[in-house]
Each structure stands twice: as structure tokens, then as C-alpha cells.
Amino acid sequence: MKKTITSIVLMSLCAALSFTIVLQLKSVSSFKNQVQNTQVMRAEQLQSELTKETKRKDELYQQLLKHNDELAKFREEAAQSSDYASFLNKQLEEAELLAGLTDVEGTGVIITMRDSPLYVSGSAGQEDLFIIHDEDLLKVVNELRDAGAEAISINDERLLSTSEMRCAGSTVSVNNNRYAAPYIIKAIGSPENLEYALRMPGGVSDVLARWGIELAIEQKDKLIIKAYTGVIQYKYATAGGDK
Amino acid sequence: MWIWPIIGSLLGITVGIVAQFQIPLEYSKYVAMAILAGLDSIFGGAAAGLAKKFEVKTFVLGFVFNIALAAFLVYMGDKLNIDLSIAVIIVFGSRLFKNFTKIRKLLLNFNRKEDII
């Protein structure tokens, strides 16, 4: 009798234990699979979506350029067919000039701004004071406009009325493109006025020089500023207002 | 006498493979500790059996108690924010090794009268 009990007990306990072991093995392995899958899946998903969107953006941009070419051709032909059309065409060209959609050339200045070389590695945490911020770019551009600049570009990004110059980490974002120092600012206007406005005592050049940020200003007789190369879309503003 | 544990294990394994049941994630740690304690008890029983000192009552009580204690310790450790699973692992792990050594000695000395190893 004792032996039977022993046998039964042994058998059931071993059965229970091995049953639990198998269950645990199954649960753990399936859980690990799930976790790995979701993590990898998410990264892969995001990656593939990113590639897809970038490709789409490029394709749309190519399409845009093609349409622009066609449009220009139509305009040329129309301009030659009648006086009224050529008058309208001229108005359109002027409007595009003002809007920043065409290359422009004229006298002006080229300004190069570099980060301060004064930065000493001992003063950790102070790097912020020695690199060029968006406020510095804004000051320079503001001064240029006040001095009569008619077209301005930063690192070949044409500044429109809707262009931003904003800090993005350690870079500056202009027209949604990121740029780092050195910043090359081109402005078309009277070269002397533009340079003197910046070099005013107590003006922008002095303030920046305090931190060692130097403005290298070069006057030019012929300067070409490129057109704006992005997409313009007015979602809120429409032609109207008081007539 | 040795056939019963083997039959029981095979039975448990088959049922485990067939079952669609999964251990919920939150209990996984406790079940693992319980398994460790159970293994230690089984091997302790095997060692006792080889030494002809097996007693069912001790075995069963030891089995159940150790499992309960192991799971309870880990659970308490979670509540107290102290990792008591380490204690469980070390203790039962070392007991496992001790039992293995005992079993080995007993097996090798099975046919001899004196201790050779």
C-alpha cells in the first residue's frame, strides 16, 4: 500500500512539475518573440514609411520643375502674340522679382559670419554664447533691410516674406532647410550703405564682435542672388481686403 | 520504483505541449522560482531514494513547502522593493548542486561496499 501511494505521489508531482516547466518555456519564448517583433516591426515600419515619403517628395518636386518649365514656355509664346499679353507678362515678371521667385543680380555685399574662434574648451556649458544664433542672423538681416537691401539670401536660400531664420539645435533652419556656420549672406543694394549700416559704432558688427563673431563684408559690383527653390502655398491668405 | 517519476514527467510534458494555456506575464517570475524549488525537491528526493532513506511524507511536504516559500519570498521581495529572488536562486541552486554531488557519489558507489569516490 505504501509503495502504491509513493508511486502515485511521485508520478503526480513529477507530472505537475514537468507540465509547469513546459508551460513556462512556451510562455517565455512566445513573449520574447512578441516583444522583439513589435520593436523591430516599428523601426522597420517607420524606416520604410520615411523612404516612401522622401521618394514621393522628390518625385513631386521633379514634376513641379517640369510644370514650371512648361509654364515659362507658354508665357513666352503668349508674350509674343499680342501687346496686351506682353504687358501682362512684364507685370508678372516684376511681381516675381518682388516675390523672390527669380534670380536677381545687381550691386551688393557678401557677408560671411563664422562662429567665434574665442571659444576655449575650458569653459564648458558656455559654448552657447560663442556660436551664431538665429537672433544674430535676424539682426544682420534687419539692418540690411533698413539700409535698403532689395534681395537677401542666406547660404543661397532666398529670403521671402514668409522665410524663417530659426534655431534648430546647433543649426539654423532657413526655408525649412538646415544650415550650419559659416553663414554666407548675400544682399543686393547700395554696397556702401549696406556695409556702413552694419559697421556703425555700437551697431550689429560691434555687438557681435564682443563675442568674437566676426562679420567679413565684401562689396561687389555684380552679385547674383538665386531664386527661391521651395514650394509656396498660401492656405489662409487670399487676395482681397479693402479696395 | 524509478519508473513512476519518468512516466509522470512524460505525462506532464505531453499535456504541457498540447495545452493552449499560457502563463500570464506577471506571474512568470514566480512560476520560474517555483520551478527551481520543485526541481531541487525532486533531486533531493532522488538522492534520498538512492541512499534508501526516502520518506514520502518528507518528500511531499518539502516539495510543497519549498515551492510555496520560494514564490512567497519573491513576491514579498517585490513588495518590499528588495530583490529576494537572488536569495532563492542562490539557495536552491546550491542545493541542486549538492544533491547532484550526492547522487553522483551514490551512483558510483552502488556496487561497492566502501566509499571509493
Side-chain angles (χ1 to χ4, degrees), chain A residues 1-57 121-128 167-170 178, chain B residues 1-46 48-50 52-68 70-71 92 96:
Chain A
M1 185 60 185
K2 202 157 171 217
K3 260 211 165 167
T4 335
I5 294 187
T6 322
S7 334
I8 294 184
V9 159
L10 272 180
M11 190 173 80
S12 42
L13 285 184
C14 279
L17 188 64
S18 44
F19 172 67
T20 321
I21 291 181
V22 171
L23 273 190
Q24 175 82 338
L25 286 174
K26 281 202 323 194
S27 315
V28 167
S29 87
S30 101
F31 172 64
K32 276 211 182 132
N33 267 347
Q34 264 183 17
V35 168
Q36 258 185 0
N37 275 350
T38 48
Q39 281 178 347
V40 170
M41 218 173 53
R42 181 111 184 97
E44 278 181 357
Q45 241 182 0
L46 290 175
Q47 178 64 34
S48 77
E49 272 187 47
L50 179 65
T51 345
K52 213 166 50 164
E53 287 303 317
T54 322
K55 219 172 77 160
R56 199 154 166 268
K57 184 190 89 156
S121 55
S123 51
Q126 302 267 321
E127 307 99 34
D128 222 33
C167 261
S170 54
R178 302 254 177 104
Chain B
M1 167 80 147
W2 293 109
I3 201 162
W4 298 113
I6 298 182
I7 294 184
S9 310
L10 288 177
L11 191 65
I13 291 179
T14 352
V15 178
I17 291 183
V18 169
Q20 294 301 324
F21 176 69
Q22 269 201 359
I23 299 185
L25 188 58
E26 311 85 60
Y27 300 136
S28 170
K29 198 159 70 151
Y30 310 119
V31 173
M33 291 296 146
I35 290 179
L36 187 61
L39 279 177
D40 161 66
S41 279
I42 295 248
F43 284 109
L50 275 176
K52 312 265 191 250
K53 293 212 188 96
F54 186 74
E55 274 181 49
V56 190
K57 274 195 224 154
T58 331
F59 179 65
V60 172
L61 279 182
F63 190 88
V64 170
F65 236 47
N66 280 351
I67 287 188
F92 284 119
L96 263 177

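This structure is a prediction, so every number in the text was calculated from the model and none was measured. Chain identifiers are assigned alphabetically (A, B, ...) following the order of the sequence lines, protein sequences preceding nucleic acid strands; residue numbering begins at 1 within each chain.
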Proximal component of B:Phe21, with respect to chain A [non-hydrogen, under 4.5 Å]:
both

Do A:Lys26 side-chain atoms and B:Gln22 backbone N/O form a donor-acceptor pair below 3.5 Å?
no

For B:Phe59, which atoms come within 4.5 Å of any heavy atom of chain A: side chain, backbone, both, or neither?
side chain

Measuring from A:Leu23:CG to B:Gln20:CD, what's the distance to the nearest 0.5 Å?
10.5 Å

If you round to the nearest 0.5 Å, how far is OG of A:Ser18 from CG of B:Leu11?
7.5 Å

Given the options A:Leu13, A:Ile21, A:Val28, which has more heavy-atom pairs under 4.5 Å with chain B than any of the others?
A:Leu13

Contact part of B:Ile42 toward chain A, heavy-atom cut-off under 4.5 Å: side chain, backbone, both or neither?
side chain

What I'd like to find out is whether the side chain of A:Leu10 reaches to under 4.5 Å of the side chain of B:Phe54, using heavy atoms alone.
yes

Among the listed options A:Ser30, A:Ser27, A:Ser12, A:Ala16, the residue most often paired with chain B at heavy-atom distances under 4.5 Å:
A:Ser27

Do you know which two heavy atoms are closest between B:Val15 and A:Phe19, and how far apart they sit?
CG1-CE1, 3.8 Å

Measure B:Ile6 against the heavy atoms of chain A and call it side chain, backbone, both or neither at under 4.5 Å.
neither

Considering only heavy atoms, which portion of B:Ile23 lies under 4.5 Å from any heavy atom of chain A: side chain, backbone, both, or neither?
both

Relative to chain B, which of A:Leu17, A:Leu25, A:Val9, A:Thr20 shows the most heavy atom pairs under 4.5 Å?
A:Leu17

Ignoring hydrogens, what is the shortest heavy-atom contact between A:Gln24 and B:Ser28? Give both atom names and the distance.
NE2-O, 2.9 Å

For the candidates B:Ile7, B:Ile67, B:Ile17, which exhibits the highest count of non-hydrogen atom pairs separated by less than 4.5 Å from chain A?
B:Ile17

